[in-house]
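Numbering of ligands and ligand atoms starts at 1, following listing order.
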Amino acid sequence: MLKKDFAVCIRAVDYSETSQVITFFTKDAGKFTAIAKGSKRSKSAFDGPIELFANGQIVFSQPHTDAMATLTEFSRQIDFSFPGRNLFALHCASLAAELLNSTTDDYDPHPRLFDAFLNLLAELDQSNNPLQLLIIFQLTLLKEIGLMPIFDHCSNCKTSVERRATSGKFFFSSEANGLVCGDCETSFPDKISVSKNVVEALYNYKNPASTNDKTLKEIEKVLISHFAYVTGRQPRMAKYVLD
Ligand SMILES: [Zn+2]
């Protein structure tokens, strides 16, 4: 059965001299992998090879078994080119695609995540603060997959961040799934110390616009270690974003 959907390429691997295996994240069907036969031929049905972030309307056949889907049509839309001057934005987009791939299941639809990812690509193409956009996307991703860490109180004893903001230290623990206070930190060997600025920024994560670069880097370190815990391995693109 043929299906239509809106899709963005989050991974592209050569399959043969002429074909590719593409991982698409789609609006209605979620993530899946499809073979694009003949996509590397110059006169292919898909306007040439399909690259990372290529997006638009697709037609594909969804198999009944575990077999790979087959791409039959691809009408490309917006071209996110990430010109050379903005290599860091490209790295942020590539990390976002990698995390989208490693944290979602095949054929599990997340239409809001699809929109959030396309928005991220559009904004990264123009913004001068890619890291801030990446952080907002990563928090949206964690929320959508039901793994949003607790940022407003100690995840162990429930002491609120506001009550401890002036006096106490805070830590982040993936095992505790959020912040832990100075009284509870000894129970969580994986905890990392976080600055007051990070605690405040994460508490107000919907509005991190006023957060400075140093704090954004620190937040990104916390999030990458959390994604590594959730997926069981360090994201491949992490070193390009943290450097
Ligand atoms: Zn506590």
Side-chain angles (χ1 to χ4, degrees), residues 88 91-92 95-105 108 110 112-113 115-117 119-120 123 127 129-243:
F88 185 64
H91 288 158
C92 288
L95 176 60
E98 184 186 349
L99 295 175
L100 199 53
N101 194 5
S102 60
T103 58
T104 55
D105 293 322
D108 181 18
H110 288 281
R112 273 195 302 252
L113 259 185
D115 291 341
F117 187 62
N119 275 341
L120 173 74
E123 288 179 355
S127 164
N129 201 342
L131 197 51
Q132 185 188 96
L133 296 171
L134 175 65
I135 288 168
I136 294 171
F137 175 77
Q138 287 167 313
L139 292 169
T140 306
L141 173 58
L142 287 169
K143 197 172 170 199
E144 271 289 319
I145 60 174
L147 292 173
M148 183 67 172
I150 293 160
F151 291 131
D152 59 351
H153 57 259
C154 170
S155 39
N156 195 46
C157 73
K158 320 290 182 221
T159 300
S160 83
V161 162
E162 281 171 322
R163 273 181 54 205
R164 297 215 34 137
T166 47
S167 55
K169 269 189 148 186
F170 265 96
F171 299 80
F172 180 86
S173 160
S174 289
E175 215 172 294
N177 194 38
L179 296 176
V180 284
C181 74
D183 295 336
C184 300
E185 54 105 354
T186 50
S187 309
F188 299 95
D190 73 321
K191 91 271 171 167
I192 46 178
S193 178
V194 289
S195 71
K196 188 165 164 279
N197 288 343
V198 166
V199 174
E200 276 171 13
L202 287 174
Y203 184 61
N204 298 307
Y205 81 89
K206 280 181 186 135
N207 182 25
S210 58
T211 309
N212 65 39
D213 286 354
K214 185 168 170 269
T215 307
L216 288 174
K217 279 256 172 194
E218 208 187 331
I219 293 173
E220 186 55 25
K221 260 188 194 160
V222 169
L223 290 177
I224 283 177
S225 87
H226 189 57
F227 276 108
Y229 174 87
V230 167
T231 61
R233 64 187 169 88
Q234 178 77 351
R236 200 178 57 83
M237 287 306 297
K239 60 176 183 286
Y240 298 100
V241 170
L242 289 177
D243 273 358

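- Ion pairing between E200 and K196 holds under the 4.0 Å rule for side-chain N and carboxylate O.
- Not counting sequence neighbours, the partners of D115 by the salt bridge (charged side-chain N to carboxylate O under 4.0 Å, His left out) test are K27.
- For I150, the side chain to side chain contact (heavy atoms under 4.5 Å, CB included) partners two or more places apart in sequence, or in a different chain, are D152, H153, S155.
- At distances below 3.5 Å, not a single donor-acceptor pair connects side-chain atoms of E220 with backbone N or O atoms of I135.
- Applying the side chain to side chain contact (heavy atoms under 4.5 Å, CB included) criterion to N119, with sequence neighbours excluded, gives no partner residue.
- Between the side chains of Q132 and T211, no donor-acceptor pair of N or O atoms lies under 3.5 Å.
- Sorted by chain and number, the protein atoms of type N, O or S within less than 2.8 Å of the Zn ion (ligand 1) are C154 SG, C157 SG, C181 SG, C184 SG.
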